[in-house]
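Residue numbering restarts at 1 for every chain, and letters A, B, ... go by the order of the sequence lines. Just so you know, these numbers use all the heavy atoms, side chains as well, and skip hydrogens, waters and symmetry mates. Everything quoted here is computed from the prediction, not taken from an experiment.
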There are 2 protein chains.
Amino acid sequence: MNIGDVAAQSGLPSKTIRYYEEIGLVKPARDPNGYRSFSDANVHVLTFVAHARALGFSIDDCRQLVALWENQSRASADVRALAQSHLQQIETKIADLEAMRATLSDLIRDCAGNTRPDCPILERLADQS
Amino acid sequence: MNIGDVAAQSGLPSKTIRYYEEIGLVKPARDPNGYRSFSDANVHVLTFVAHARALGFSIDDCRQLVALWENQSRASADVRALAQSHLQQIETKIADLEAMRATLSDLIRDCAGNTRPDCPILERLADQS
DNA sequence: ATAAGGGTTCCAGTAACTGTAAGGTCAAGC
DNA sequence: GCTTGACCTTACAGTTACTGGAACCCTTAT
């Protein structure tokens with residue numbers, strides 16, 4: 001399979017697939033003309049990575065997940081731990097963003113949003129205390 | 001004021017302050033020995049930027065916010081629009097993260113997390129459908 | 001022969017810093 | 001006068017995960 005077909009099948013841009021090869025996530029063979037030749041196993045790895053990325057796992061996490069996936073004698077606890085730690089980070093991010101959202105929407109609510117220059121948003125950002 | 005004092009006062013690392021000078025957010029004078037010399041106005045800008053960054057505004061947003069702040073004849077509507085659009089992005093991010101969280105916690109809940117290799121998390125990631 | 005639509009590599013750019021190295025300056029203490 | 005330590009300086013590389021672009025090769029159809 002050529003890279004374009006893999007892109008269509010996995011949903012990943014060709015550019016990204018080449019990048020994944022560059023960083024060693026996938027190692028397609030090469031045809032005599034230099035084109036990458038993807039095996040079914042290669043495509044499965046890429047699809048797997050695409051799914052993991054969509055859940056917000058980092059490339060490094062993906063590397064570990066692929067290794068666990070390919071390791072027949074893995075312990076599900078290891079996968080779970082990885083996912084758990086990632087979930088934790090997501091929850092932290094959500095909390096941070098929700099705090100920002102709360103502050104921002106308060107400020108926006110208090111801002112007249114007219115042609116006058118007085119603005120509680122700027123006042124708050126400029127607050128030295 | 002030297003950079004160390006400004007760092008202490010603004011809460012920003014010296015490194016970051018130097019970076020902000022490099023990208024033109026702040027333009028401190030220089031002492032004869034080459035040290036940066038920050039005016040009160042410089043420090044106010046940096047504090048302002050620190051606050052805006054803490055609310056998740058991008059550097060580019062910060063640039064515009066500082067410009068509005070320094071413009072006596074600004075319209076509060078312009079500030080509000082900027083904040084509104086930023087809030088929108090934050091809400092999108094929160095929604096994305098919440099979707100990830102939902103999927104992830106379902107998967108984690110279904111994973112035994114023991115020494116056996118069978119794992120619904122990996123199964124889901126590997127799912128071709 | 002040529003044109004379209006693949007494929008290839010390599011280099012630069014993105015956001016917002018952070019780390020590190022190599023070196024200059026200043027005030028205090030011996 | 002000299003050293004030590006804390007501060008300051010610049011410059012360059014590295015981070016994350018790609019993305020865009022240029023220049024060029026391969027294949028197939030007309």
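Rounded to whole Å, atom P of D:dT10 lies 16 Å from atom OH of B:Tyr19. Atom CD1 in A:Ile17 sits about 17 Å away from atom P in D:dA17, given to the nearest Å. If you measure from atom CD1 of A:Ile23 to atom P of D:dC18, you get 8 Å, rounded to the nearest angstrom. Between the CG atom of A:Asp31 and the P atom of C:dG6 there is a distance of 17 Å, rounded to whole Å. The CD-C1' distance, from A:Glu21 to C:dC10, rounds to 14 Å in whole Å. One interatomic measurement links the two molecules: CG of B:Asn2 to C1' of C:dC26, which rounds to 10 Å at whole-angstrom precision. To the nearest angstrom, C1' of C:dT9 lies 9 Å from CZ of A:Arg18.
Between the side chain of B:Asn2 and the main chain of B:Gly4, no donor-acceptor pair closer than 3.5 Å is present. The backbone N or O of B:Leu68 sits less than 3.5 Å from a side-chain atom of B:Arg74, completing a donor-acceptor pair. The closest donor-acceptor contact from the side chain of A:Arg80 to the backbone of B:Ala112 lies at 3.5 Å or more, if one exists at all.
Within the structure, a side-chain polar atom (N or O) of A:Tyr20 is placed less than 4.0 Å from OP1 or OP2 of D:dC18.
In this structure, B:Arg109 pairs ionically with B:Asp106, as a charged nitrogen and a carboxylate oxygen lie closer than 4.0 Å. Ion pair B:Glu98/B:Arg101 flagged as a salt bridge, since at least one NZ, NE, NH1 or NH2 atom sits closer than 4.0 Å to an Asp/Glu carboxylate oxygen.
For the pair B:Lys15 and B:Gly4, both in contact range of DNA chain D, the more 5′-proximal nearest nucleotide belongs to B:Gly4.
Within residues 35-43 of chain B, the residues approaching DNA chain D are B:Tyr35, B:Arg36, by heavy-atom distance under 4.0 Å. Contacts between residues 48-68 of chain B and DNA chain D, counted as heavy-atom distances below 4.0 Å, involve no residue at all.
Closest to the side chain of B:Thr16, from the set C:dG7, D:dC8, C:dT18, is C:dT18. Distances from the side chain of B:Asn33 to the nucleotides C:dC26, C:dA16, D:dC8 place C:dC26 closest.
Note on B:Ile3: only backbone sugar-phosphate atoms sit closer than 4.0 angstrom, heavy atoms only; bases stay farther off.
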Inset, instruction - Let me see the working for B:Val66 and B:Val26 under side chain to side chain contact (heavy atoms under 4.5 Å, CB included), right down to the final yes or no. - result: CA-CA 10 Å; B:Val66 169; B:Val26 72; over 6 Å; no

Legend entry - Verdict with supporting geometry, B:Arg124 and A:Leu55, side chain to side chain contact (heavy atoms under 4.5 Å, CB included): CA-CA 11 Å; B:Arg124 167 65 166 273; A:Leu55 284 180; 5.6 Å; no

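Going from atom CZ of B:Phe48 over to atom CG of A:Leu122 covers 5.0 Å, rounded to the nearest 0.5 Å.
Across all their heavy atoms, B:Ser14 and B:Ala7 have their closest contact at OG-CB, 3.7 Å.
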